[in-house]
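One structure is given here, and the rest of the page talks about it.
Residue numbers begin at 1 in each chain, while the letters A, B, ... track the order of the sequences.
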Amino acid sequence: MSKYSSLRGMPDILPEEAAKFEWIESRAREVFGMFEFREIRVPYLESTEVFTRSIGENTDIVEKEMYTFLDRGGKQISLRPEGTASIVRAYVEHNLSNKADIVKLFYIGPMFRGERPQKGRQRQFHQIGCEIIGASSPYLDADLIMSLKTFFEKLGIKDFTLNINTLGCAEDRKKFASDLSEYFAGHLNGLCENCQRRSTRNVLRVLDCKNPACKEIVKGAPGVAKNLCPDCLDNYSLLKHILHDAGVTYNEKTDLVRGLDYYTGTVFEVSHPSLGAQDALAAGGRYDNLVHEMGGPDVGATGYAVGMERLLLVIKEENYPAVKPGILIIALDEKSHKEAFKLTNKLREAGIKCDMDHSGRSLKGGMRKADKEKREKVIIIGENELASGMVVVKNMVTGEQKSVGFGETVDLLIGENAHG
RNA sequence: GUGGGCGUAGCUCAGCUGGAUAGAGUACCUGACUGUGGCUCAGGCUGUCGAGGGUUCAAAUCCCUUCGCCCACCCCA
């Protein structure tokens with residue numbers, strides 16, 4: 001039992017897992033680079049207002065999940081619970097709209113929410129997100145969704161489902177919400193306790209309640225489609241056409257809603273069956289009013305975030321590349337240890353991955369270690385080698401070994417690596 | 001915040017109707033094999049039985065409290 005442990009929901013990411021993070025991140029950079037998104041790094045801490053204004057004062061995230069505290073100057077600051085707010089803040093602050101009409105950005109990093117941890121959910125978790133700011137063409141939504149699909153394919157993820165829906169523009173949404181409130185008011189008794197509360201406070205959320213009784217009532221609820229203005233309707237059906245033509249299979253899910261206030265119009269979610277209760281791998285949508293609300297130009301925007309920890313749960317072990325260990329250098333006594341260390345450094349200078357056993361264990365011990373670590377080669381240096389000026393290079397796979405002069409070791413190994 | 005499950009060796013777990021030095025497998029170290037790994041065999045190391053308190057002649061085992069982890073609700077990526 002150690003004296004200290006990390007905070008609840010804020011786990012250490014140990015090397016084995018960190019390697020997976022690293023691999024996923026480099027696939028992200030590869031794919032998003034190809035789509036011409038550019039990376040942006042925004043701070044983990046922001047003035048609390050950045051989040052309350054954008055995510056919404058009455059959302060659960062802001063009300064009860066955000067890590068908020070006073071800094072030494074008495075200013076109220078918060079650890080970011082998501083990425084979009086900061087990015088829009090940065091976009092406005094640095095007048096990025098003047099540099100290009102469309103700005104495509106991606107980010108990778110930790111987010112913080114004070115929730116109770118469970119499968120696929122931590123307090124410090126990591127997201128990879130993409131944003132396209134500057135216009136509201138459905139082609140941009142399609143571009144965004146294509147980047148997500150390509151990313152998932154690159155990671156070897158299968159069996160994911162893309163669900164899409166539209167919430168309509170701000171006016172549409174208002175009308176829709178009031179229609180829903182009216183409908184649910186007539187079925188109040190059948191709804192679960194939570195939904196009775198939701199039906200007045202945040203009526204859209206009743207739509208994705210998991211309670212069977214509520215689901216039944218939701219079936220008869222007015223759909224969003226009726227409430228859409230012609231523009232929204234056109235945009236949404238155009239998006240569906242574009243996706244169809246691009247060969248993207250999607251599932252229209254009319255009860256899909258988002259919990260953050262800034263979403264408007266198209267929303268989407270990617271879910272995976274193996275995830276359990278928290279089955280969203282990624283989610284996003286349009287936020288056409290946010291940039292303006294944050295003090296920027298009146299331009300549309302769209303984006304999504306992918307949950308890293310959830311990717312980890314979904315990606316199969318064999319999808320990750322095997323990490324090949326380097327050569328192990330084993331010295332048999334103090335004198336050879338010095339020479340061996342010199343050789344180790346020479347190999348590294350030549351770009352050959354290797355490590356030396358400094359534990360002073362026996363040759364047998366060293367061999368065992370190399371075997372356990374699945375090393376392909378070891379180099380052995382002892383009294384005999386020092387006397388003859390040769391080192392032993394042993395191939396652990398074939399069992400074959402040869403003596404080679406100290407000076408020729410690097411050349412030999414480079415030659416062998418070149419031939420596999 | 002609410003509910004349920006679980007905390008015993010580095011890891012996976014047994015022991016739990018109270019009983020003497022707390023076990024197995026695995027991992028690790030050493031030797032058989034004096035300078036060569038995998039297989040085999042032999043030996044060795046590792047524990048505040050999550051923590052604190054209580055009941056008892058006696059507690060890993062029963063009771064209370066507490067902390068931690070997991071799953072679910074809630075919410076969300």
Side-chain angles (χ1 to χ4, degrees), chain A residues 1-9 11 14 55 59-66 80-84 107-130 148 192-195 197-198 202 205 208-211 256-260 263 268-272 275-285 303-314 328 330-333 336 357 359 361-386 392-401:
Chain A
M1 256 335 101
S2 64
K3 191 171 176 184
Y4 300 108
S5 56
S6 75
L7 261 23
R8 181 203 296 269
L14 299 177
I55 298 167
T59 55
D60 280 23
I61 291 183
V62 165
E63 267 185 354
K64 45 189 208 195
E65 294 173 4
M66 206 153 66
R80 60 179 190 189
E82 58 105 49
T84 304
Y107 59 90
I108 300 177
M111 306 293 164
F112 305 85
R113 291 182 201 172
E115 306 174 279
R116 196 80 170 259
Q118 69 184 74
K119 186 174 182 181
R121 189 168 79 183
Q122 295 292 341
R123 290 184 169 181
Q124 175 173 336
F125 61 104
H126 299 77
Q127 289 189 330
I128 302 181
C130 288
L148 182 58
C192 70
E193 220 172 282
N194 277 323
C195 286
R197 182 171 45 89
R198 288 178 181 131
N202 192 354
R205 297 233 65 102
D208 65 357
C209 181
K210 284 165 191 150
N211 184 305
L256 177 66
V257 294
R258 309 267 70 237
L260 286 64
Y263 284 111
F268 59 92
E269 196 171 274
V270 175
S271 60
H272 195 279
L275 277 178
Q278 314 297 320
D279 70 344
L281 269 181
Y304 63 76
V306 183
M308 271 273 212
E309 282 76 4
R310 294 186 188 175
L311 288 181
L312 271 284
L313 291 172
V314 156
L328 184 70
I330 303 169
L332 301 182
D333 55 59
S336 5
D357 181 31
S359 70
R361 51 161 70 81
S362 65
L363 174 57
K364 180 197 292 288
M367 294 298 288
R368 275 196 185 143
K369 175 179 153 84
D371 184 63
K372 191 190 71 192
E373 292 170 351
K374 298 196 162 59
R375 292 179 185 271
E376 283 179 11
K377 282 175 191 151
V378 296
I379 291 177
I380 301 163
I381 302 174
E383 248 179 311
N384 303 345
E385 285 69 28
L386 285 188
V392 170
V393 175
K394 171 154 183 164
N395 185 316
M396 297 290 286
V397 183
T398 61
E400 154 192 20
Q401 67 183 52

(message) I'd like to compare against my own output: the B/S/- annotation of nucleotides 28-33 of chain B with a strict under-4.0 Å heavy-atom distance to protein.
(response) SSB--B

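Comparing B/C69 with B/U8, their P atoms are spaced 14 Å from each other, to the whole Å. B/G15 sits 14 Å from B/A9 when the C1' atoms are compared, rounded to a whole Å. Comparing the same atom, P, in B/C39 and in B/A77 gives a spacing of 48 Å after rounding to whole Å. Going from the P atom of B/U66 to that of B/C71 covers 24 Å, rounded to whole Å. Separation of the P atoms belonging to B/U34 and B/A24 is 31 Å when rounded to the nearest angstrom. Across the C1' atoms, B/G4 and B/A20 are found 37 Å apart, a figure rounded to whole Å. Nucleotides B/G47 and B/A60 are separated by 12 Å at their C1' atoms, to the nearest Å. Comparing B/U21 with B/C13, their C1' atoms sit 22 Å apart, to the nearest whole Å.
Base pairing of B/C16 is not made with any nucleotide, judged by Watson-Crick or G-U wobble geometry with both donor-acceptor distances under 3.5 Å. As the counterpart of B/A60, no nucleotide is assigned, since no Watson-Crick or G-U wobble pattern has both distances under 3.5 Å. In this structure, B/C6 forms a base pair with B/G68, meeting either the Watson-Crick or the G-U wobble geometry with both donor-acceptor distances under 3.5 Å. Pair assignment for B/C11: B/G25, on the basis of Watson-Crick or G-U wobble contacts that are both within less than 3.5 Å. Within the shown strands, B/C41 is the pairing partner of B/G31 under the Watson-Crick or G-U definition, both distances less than 3.5 Å. Checking B/U55 for Watson-Crick or G-U wobble geometry (two distances, each under 3.5 Å) identifies no partner in any strand. Here B/C73 sits opposite B/G1 as a Watson-Crick or G-U wobble pair (both hydrogen-bonding atom distances under 3.5 Å).
The side-chain hydrogen bond (donor to acceptor under 3.5 Å, both in side chains) check on A/Arg123 picks up nothing, with sequence neighbours excluded.
Of the residues near RNA chain B, A/Ser6 and A/Leu281, the one whose nearest nucleotide (by heavy atom distance) lies more toward the 5' end is A/Ser6. Of the two residues contacting RNA chain B, namely A/Thr59 and A/Asp371, the nearest-nucleotide position lying further toward the 5' end is that of A/Asp371.
Using modelled atom types, one side-chain atom of A/Arg113 and one backbone atom of A/Pro81 make a donor-acceptor pair closer than 3.5 Å. In this structure a side-chain-to-backbone donor-acceptor pair under 3.5 Å is present from A/Arg80 to A/Pro110.
Within a 6.0 Å sphere centred on CD of A/Glu383, other residues, nucleotides and ligands contribute 12 heavy atoms or fewer.
When every heavy atom of A/Glu309 is checked against every heavy atom of A/Phe125, the shortest pair comes out as OE2-CA, 3.5 Å. Across all non-hydrogen atoms, the minimal contact from A/Tyr107 to A/Ala305 is OH-CB, 3.7 Å. A/Gly9 approaches A/Pro117 most closely through the heavy-atom pair CA-CG, 3.8 Å. Residues A/Ala370 and A/Met396 share a closest heavy-atom pair of CB-CE, 4.1 Å. A/Leu328 and A/Asp357 make their closest contact through CD1-N, 4.0 Å (heavy atoms, listed as atom of the first residue, atom of the second, distance).
Atom CG of A/Leu313 is separated from atom P of B/C70 by 12 Å (rounded to the nearest Å). Between A/Arg310 atom CZ and B/C76 atom C1' the separation is 6 Å, expressed in whole Å. As rounded to whole Å, 13 Å separates atom C1' of B/U36 from atom CG of A/Asn384. Distance, A/Glu269 CD to B/C76 P: 10 Å, rounded to whole Å. The CG-C1' distance, from A/Asp333 to B/G35, rounds to 11 Å in whole Å. Rounded to an integer number of Å, the gap from CG of A/Leu332 to P of B/U36 is 10 Å. In this structure, A/Glu385 atom CD and B/G35 atom P are separated by 12 Å, rounded to whole Å. For the pair A/Ile330 CD1 and B/G35 C1', the computed distance is 11 Å after rounding to whole Å.
A/Leu311 comes within 4.0 angstrom of no nucleic acid atom, judged by non-hydrogen atoms across all strands. In this structure, A/Gly120 reaches the bases: a heavy-atom distance under 4.0 Å links it to at least one base atom across the strands shown. Counting any heavy atom pair closer than 4.0 Å across all strands shown, A/Ala370 reaches no nucleic acid atom. In this structure, A/Glu63 reaches neither bases nor backbone, as no heavy-atom distance under 4.0 Å exists between it and the strands shown. Among the protein residues, A/Gln401 comes within range of the nucleic acid bases, having at least one heavy atom under 4.0 Å from a base atom. Within 4.0 Å (heavy atoms only), A/Gly284 reaches no atom of the nucleic acid at all.
Among the candidates A/Gln122, A/Arg121, A/Glu115, the single residue satisfying the side-chain hydrogen bond (donor to acceptor under 3.5 Å, both in side chains) test with A/Gln118 is A/Arg121.
With contacts defined as side-chain heavy-atom distances shorter than 4.5 Å, the pair A/Val270/A/Tyr304 does not qualify. A heavy-atom distance below 4.5 Å is not found between the side chains of A/Arg310 and A/His272.
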Can you check nucleotides 73-75 of chain B for protein contacts, nitrogen or oxygen pairs under 3.5 Å, and list what you find?
from  : atom 1 : to       : atom 2 : distance (Å)
B/C73 : N4     : A/Arg121 : NH2    : 3.4
B/C74 : O3'    : A/Arg198 : NH2    : 3.4
B/C74 : N3     : A/Arg121 : NH1    : 3.1
B/C74 : N3     : A/Arg121 : NH2    : 3.4
B/C74 : N4     : A/Gln118 : OE1    : 3.1
B/C74 : N4     : A/Arg121 : NH1    : 2.6
B/C74 : N4     : A/Arg121 : NH2    : 3.2
B/C74 : N4     : A/Gln278 : NE2    : 3.2
B/C75 : OP1    : A/Arg198 : NE     : 3.0
B/C75 : OP1    : A/Arg198 : NH2    : 2.7
B/C75 : OP2    : A/Arg198 : NH2    : 2.2
B/C75 : O2'    : A/Glu65  : OE2    : 3.0
B/C75 : O2     : A/Glu115 : OE2    : 2.8
B/C75 : O2     : A/Arg121 : NH1    : 2.8
B/C75 : N3     : A/Arg121 : NH1    : 3.3
B/C75 : N3     : A/Gln278 : OE1    : 3.2
B/C75 : N4     : A/Gln278 : OE1    : 3.2
B/C75 : N4     : A/Gln278 : NE2    : 3.2

